[in-house]
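So the structure is just underneath, and the comments pick up after that.
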Amino acid sequence: MHANLPENAQTKDCLMCHQSYDAVAQKTAKLNPNPHSSHRGEQNCTNCHSVKGKPRLECNDCHTFDIKMKGE
């Protein structure tokens, strides 16, 4: 699936399959903290996720959370 996305994919491209930001937040609800239920509101998926590159947890720019992301 992700192989079909352009390298410059945007949130709207992600939500074509992942339905909504709320749906993604429900899937990661067991994480503490839930990175998709942020005090910063709905963020661009590409702030943390990349089609071709490695993911990076943007939350850790200010915090230190031990959350493992797929592709790390």
Side-chain angles (χ1 to χ4, degrees):
M1 288 281 177
H2 292 129
N4 296 331
L5 289 172
E7 284 192 43
N8 63 344
Q10 301 295 313
T11 297
K12 65 178 176 57
D13 300 309
C14 301
L15 296 181
M16 287 181 3
C17 293
H18 293 282
Q19 300 169 345
S20 70
Y21 207 87
D22 285 336
V24 175
Q26 288 176 12
K27 287 183 179 183
T28 57
K30 291 182 181 179
L31 294 176
N32 186 18
N34 183 347
H36 298 106
S37 181
S38 165
H39 61 91
R40 294 182 61 212
E42 293 182 10
Q43 298 295 300
N44 291 319
C45 299
T46 55
N47 290 3
C48 297
H49 302 278
S50 172
V51 175
K52 305 289 183 200
K54 287 191 169 206
R56 61 175 284 284
L57 186 62
E58 183 183 52
C59 299
N60 283 342
D61 288 351
C62 298
H63 305 278
T64 305
F65 298 129
D66 188 26
I67 296 176
K68 301 294 180 219
M69 297 176 65
K70 290 181 183 177
E72 269 189 309

Using every non-hydrogen atom in the two residues, find where Glu58 and Cys48 come nearest and quote the distance to one decimal. N-SG, 3.3 Å

Rounded at 0.5 Å granularity, tell me how far SG in Cys17 sits from CG in Leu5. 7.0 Å

Once rounded to the nearest 0.5 Å, what's the spacing between atom NE2 of His39 and atom NE2 of His63? 4.0 Å

Nearest non-hydrogen partners of Lys54 and Gly71, listed with the distance: CG-O, 4.1 Å

So how far is it from Cys59 SG to Asn47 CG, rounded to the nearest 0.5 Å? 9.5 Å

One should read off an interatomic distance between Gln43 CD and Thr11 OG1, to the nearest 0.5 angstrom, of 9.0 Å

More than 12 heavy atoms of other residues, nucleotides or ligands under 6.0 Å from NZ of Lys30: yes or no? no

Any side-chain heavy atom of Pro33 within less than 4.5 Å of one from Ile67? yes

Which class fits the ring pair His49 and His36: parallel under 30°, tilted 30 to 60°, perpendicular over 60°? parallel

Distance-minimising heavy-atom pair for Leu57 and Phe65: CD2-CB, 4.2 Å

Under 4.5 Å between side-chain heavy atoms, hopping through other hydrophobics if needed: is there a path connecting Val24 to Leu31? no

Evaluate the side-chain proximity of Arg56 to Asp61: yes if any heavy-atom separation is below 4.5 Å, no if none is. yes

Does CD in Glu72 sit with more than 12 non-hydrogen atoms of other residues, nucleotides or ligands closer than 6.0 Å? yes

Find the distance between CG (Asn34) and NZ (Lys27) and round it off to the nearest 0.5 Å. 13.0 Å

When the ring planes of His2 and His18 are compared, do they come out parallel, tilted or perpendicular, using 30° and 60° as the limits? parallel

Has the side chain of Thr46 got a donor or acceptor atom that lies under 3.5 Å from a matching backbone atom of Gln10? no

Testing the basics here: between Gln19 and Ala23, what is the closest heavy-atom pair and its distance to 0.1 Å? OE1-CB, 3.8 Å

Linking Ile, Leu, Val, Met, Phe, Trp and Tyr by side-chain heavy atoms under 4.5 Å, what else ends up with Leu15? none

Mind checking whether Glu42 and Asn44 have side chains closer than 4.5 Å, heavy atoms only? no

